[in-house]
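Everything on this sheet refers to the single structure shown next.
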Amino acid sequence: MTIIETLQNAVALAVGQLYGETVEAGKVQVNTTPGEFTGDYTVVIFPFVKIAKKAPDAAGAEIGDFLQKNVAEVAGFNTIKGFLNLELSPAFWQNFLQSALTDPDFGRQPRNGRKVMVEYSSPNTNKPLHLGHVRNCLLGWTCSRILDAVGYDVVKTQIVNDRGVAICKSMLAWQKFGEGKTPESEGVKGDHFVGDFYVMFENKTKAEYEIWQQTDAAQGFFAEKHKPEQAEKDFFKEYKNKWFNEHSQLGAEVREMLLKWEAGDPDTVALWRQMNNWVYSGFDETYGKLGVAFDKLYYESDTYLLGKDIVEDGLKKGVFFRKDDGSVWVDLTDAGYDQKVVLRADGTSVYITQDIGTARMRYHDFDCEKMVYVVADEQNYHFVVLFEVLKRLGEPYADGLHHLSYGLVELPTGRMKTREGTVVDADDLMEEVVSLAWENARGRDSELTDTDPAGRSEDIRKIGMGALKFYMTKVNPRKKMIFNPEESVDLQGQTGPYIQYSYVRINGLMQRVEKEGVDLTPAKNYTDFQAEEKELLKALHEYPEVVLAAAREYDPSHLANFCYNLAKSYHRFWHEQSIFNADSPEAKAFRLQLSKAVGQVLLSGMSLLGIEMPARM
RNA sequence: GGCUCCGUAGCUUAAUGGAUAGAGCAUCUGACUACGGAUCAGAAGGUUAGAGGUUCGAGUCCUCUCGGAGUCACCA
């Protein structure tokens with residue numbers, strides 16, 4: 001039982017005995033006491049004043065008195081304006097510290113034997129990963145780690161969008177203009193290599209379109225179809241998709257290629273496989289640098305036809321209905337949503353059909369009772385509909401579905417746009433933050449060079465990546481994120497390196513303890529906690545609950561902020577209290593143990609965020 | 001227009017319905033003849049977009065208004 005539960009039960013008992021009315025222990029509000037008041041935990045008394053028929057302070061005093069007499073851990077109390085502040089005994093805190101130090105799983109929950117699948121990244125194979133994927137991957141990864149920490153068995157997966165028009169564009173451009181080049185021959189990372197051909201295709205198309213616009217046919221379309229007052233330029237901008245589908249030579253070739261692929265034409269499939277493999281080797285490198293991994297990959301080329309049988313099933317169950325043209329729909333108007341098509345008139349499936357089929361397949365593959373989809377909030381409506389449909393189909397896993405929706409990453413100048421060349425590439429970004437960490441480190445240590453043999457480069461990589469990862473995980477996922485390149489590489493203030501620095505300080509202490517063979521046993525006799533020490537104890541004590549909350553809400557930012565606050569408290573403690581030069585052996589030993597515990601928790605918490613700790617800074 | 005999300009200091013942000021809205025950046029002032037200054041302390045900066053309501057108590061819940069974003073494809 002946690003101390004909070006102990007206090008809740010005791011308060012419920014007190015109210016029952018003192019005022020003769022039963023209250024539910026779980027409803028008793030117990031918070032940690034804010035720093036400016038004395039006490040460790042605070043019971044909110046307001047809900048009991050009616051029952052007690054007394055002023056808040058009087059009722060608080062009575063309940064406090066009861067707690068002090070009946071709960072061993074409660075050493076004292078005070079009441080202010082309806083808040084009962086409880087002070088816990090030094091013995092309680094000593095016990096807690098020792099158990100936190102000796103428990104290698106402090107903050108983690110026991111295995112619960114339940115399985116959860118987390119899907120994230122979902123790349124397209126026609127271009128490299130960008131800033132948006134970075135946020136997605138970090139969320140998916142940290143979420144997986146956090147769910148693991150609270151006891152789940154996590155299967156990390158990725159659905160690779162490896163088929164469709166987009167990859168055909170890259171394929172066609174390579175076929176027509178590639179001259180047999182390969183990533184190896186050009187010394188270019190595979191995903192960038194393929195992405196370059198995609199861009200080439202778009203440029204060639206644009207050129208073709210511009211030439212076409214001068215033709216008599218095009219001018220005829222403009223004369224006939226433009227809206228009044230509409231400029232020629234605006235007309236053709238709007239007309240582009242229609243042109244691509246109906247008049248473009250390249251467009252026709254791409255469609256032909258897609259048809260050949262769908263028909264299983266061996267040459268086309270071979271080319272497709274070749275180009276995708278180039279992309280995958282590039283992705284692997286990026287994922288590796290980012291520190292994320294997957295247990296199972298699903299390919300859209302395998303899943304895009306799934307779900308049709310379920311649609312048939314749903315028709316029989318009456319979940320879906322068929323319109324006169326043969327298309328199949330689901331009617332969600334009774335739940336406040338629209339009607340959605342789930343099968344086209346020609347019998348082919350749509351996006352949601354595929355997702356319905358994939359969900360069932362995954363369930364059969366892994367027997368997961370929960371599935372988390374890490375997908376940007378543009379698709380909120382899609383997932384609302386998908387989950388509702390799966391529920392109506394009576395799928396056994398339908399209640400365990402969660403869309404971890406996150407806001408898009410924008411630049412200070414607005415949304416990233418391929419056309420305007422404002423897309424921030426994931427590889428470039430990581431290289432940038434690490435090189436800035438180098439620059440910064442060199443400013444502190446003139447001996448340092450890029451080829452430093454002392455293994456500093458690993459530490460500096462951790463610092464750069466730590467800055468980036470913390471910057472991206474400290475914000476509530478739901479919020480749209482403004483990515484400011486300058487702030488993302490800040491190494492001071494509320495940043496990853498700030499936290500890493502407190503760990504490095506502790507690391508230094510521990511090495512000295514080792515070297516000098518400091519005896520830590522007197523720590524248990526230390527009872528006169530200083531304010532900074534108490535603050536740290538309270539923060540450490542909260543760690544397990546923070547991990548649980550992060551898991552419950554699928555929100556790693558709780559953990560990021562917790563780590564920052566813990567590091568901040570530690571830095572303050574470091575400044576205010578002498579550790580090695582403490583007044584007594586008891587204080588010295590205690591502070592060293594406290595430091596050790598802080599180091600352990602920081603290491604644990606940051607690792608859940610995918611952030612590594614350097615040995616030196 | 002319907003639905004969803006967001007609006008907190010110049011900027012980026014925190015706050016299970018609880019106490020004086022907490023940080024960081026930027027600005028200004030300071031700090032131990034070092035247990036490492038990637039640190040610490042302080043100043044200044046807020047009508048939590050606005051108006052009502054519920055509550056002992058509202059940044060948080062409800063209603064409306066304003067502003068921003070997303071979405072409302074037989075695209076994925």
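Letters A, B, ... mirror the listed sequences (proteins, then strands); counts begin at 1. Note that this is a predicted model, so its numbers are computed, not measured.
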*Let me have RNA chain B in dot-bracket notation, would you? Count Watson-Crick plus G-U wobble pairs, both distances under 3.5 Å, and use [ ] for pairs crossing earlier ones and | for inter-strand partners.*
(((((((..((((....[...)))).(((((.......))))).....(((((..]....))))))))))))....
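For residues 544-568 of chain A, the pairs satisfying salt bridge (Lys or Arg N to Asp or Glu O under 4.0 Å) are Glu545(A)-Arg552(A), with sequence neighbours left out. Legend: side-chain hydrogen bond (donor to acceptor under 3.5 Å, both in side chains) pairs involving residues 34-49 of chain A, not counting sequence neighbours, sorted by first then second residue: Thr33(A)-Thr42(A), Thr38(A)-Asn78(A), Asp40(A)-Trp93(A), Asp40(A)-Lys534(A), Tyr41(A)-His541(A), Thr42(A)-Asn85(A). Listed by first then second residue, pairs satisfying salt bridge (Lys or Arg N to Asp or Glu O under 4.0 Å) with a partner in residues 588-597 of chain A read Glu533(A)-Arg591(A), not counting sequence neighbours. Evaluation of the side-chain hydrogen bond (donor to acceptor under 3.5 Å, both in side chains) test over residues 297-306 of chain A, restricted to residues two or more places apart or in two chains, returns Asp162(A)-Ser301(A), Tyr298(A)-Asp365(A), Glu300(A)-Gln354(A).
Counting atom types as modelled, Asn380(A) pairs no side-chain N or O with a base atom of C5(B) as donor and acceptor under 3.5 Å. One N or O donor and one acceptor, one from the side chain of Asp325(A) and one from the base of C74(B), sit under 3.5 Å apart. Between the side chain of Asn85(A) and the base of A19(B), a donor-acceptor pair under 3.5 Å is found.
Contacts between residues 343-353 of chain A and RNA chain B, counted as heavy-atom distances below 4.0 Å, involve Arg344(A), Ala345(A), Val350(A), Tyr351(A). Contacts with RNA chain B (heavy atom under 4.0 Å) in residues 30-45 of chain A: Asn31(A), Pro34(A), Phe37(A), Thr42(A), Val44(A), listed by number.
Partners of Val165(A) by side-chain contact (heavy atoms from CB on, under 4.5 Å), not counting sequence neighbours, listed by chain and number: Lys169(A), Val254(A), Leu258(A). Contacts of Lys538(A) classified as salt bridge (charged side-chain N to carboxylate O under 4.0 Å, His left out), with partners at least two apart in sequence or in another chain: none. Under the side-chain contact (heavy atoms from CB on, under 4.5 Å) criterion, Glu378(A) pairs with Ala376(A), Leu408(A), Arg415(A), not counting sequence neighbours. In terms of the side-chain contact (heavy atoms from CB on, under 4.5 Å) criterion, residue partners of His130(A) (sequence neighbours excluded) are, by chain and number, His133(A), Met416(A), Val423(A). Listed by chain and residue number, Val475(A), Asn476(A) satisfy the side-chain contact (heavy atoms from CB on, under 4.5 Å) test with Lys479(A) (two or more places apart in sequence, or in another chain).
G57(B) sits 15 Å from A21(B) when the C1' atoms are compared, rounded to a whole Å. Using P as the reference atom, U65(B) and A9(B) are 24 Å apart when rounded to the nearest Å. Only the C1' atoms considered, C28(B) is 12 Å distant from G45(B), to the nearest whole Å. When the C1' atom is compared between G17(B) and G36(B), the two are found 44 Å apart, to the nearest whole Å. The same atom, P, is picked in G53(B) and in U13(B); the two are 33 Å apart, to the nearest Å.
Residue Phe46(A) is classed as a base contact, given a heavy-atom separation below 4.0 Å to a base.
In this structure, the nucleotide among C72(B), A23(B), C35(B) sitting nearest to the side chain of Asp338(A) is C72(B). Nearest to the side-chain atoms of Lys479(A) among the listed nucleotides U13(B), C40(B), U12(B) stands U13(B). Nearest to the side chain of Arg505(A), among G37(B), A38(B), G17(B), sits G37(B).
With a glycosidic angle more than 90° from 0, C72(B) adopts the anti conformation.
Relative to the six-membered ring of Trp329(A), Lys323(A) meets both conditions, a distance below 6.0 Å and an angle of at most 45° to the axis.
Side-chain atoms of Asp377(A) never come within 3.5 Å of backbone atoms of Ser405(A) as a donor-acceptor pair (strictly under, hydrogens ignored).
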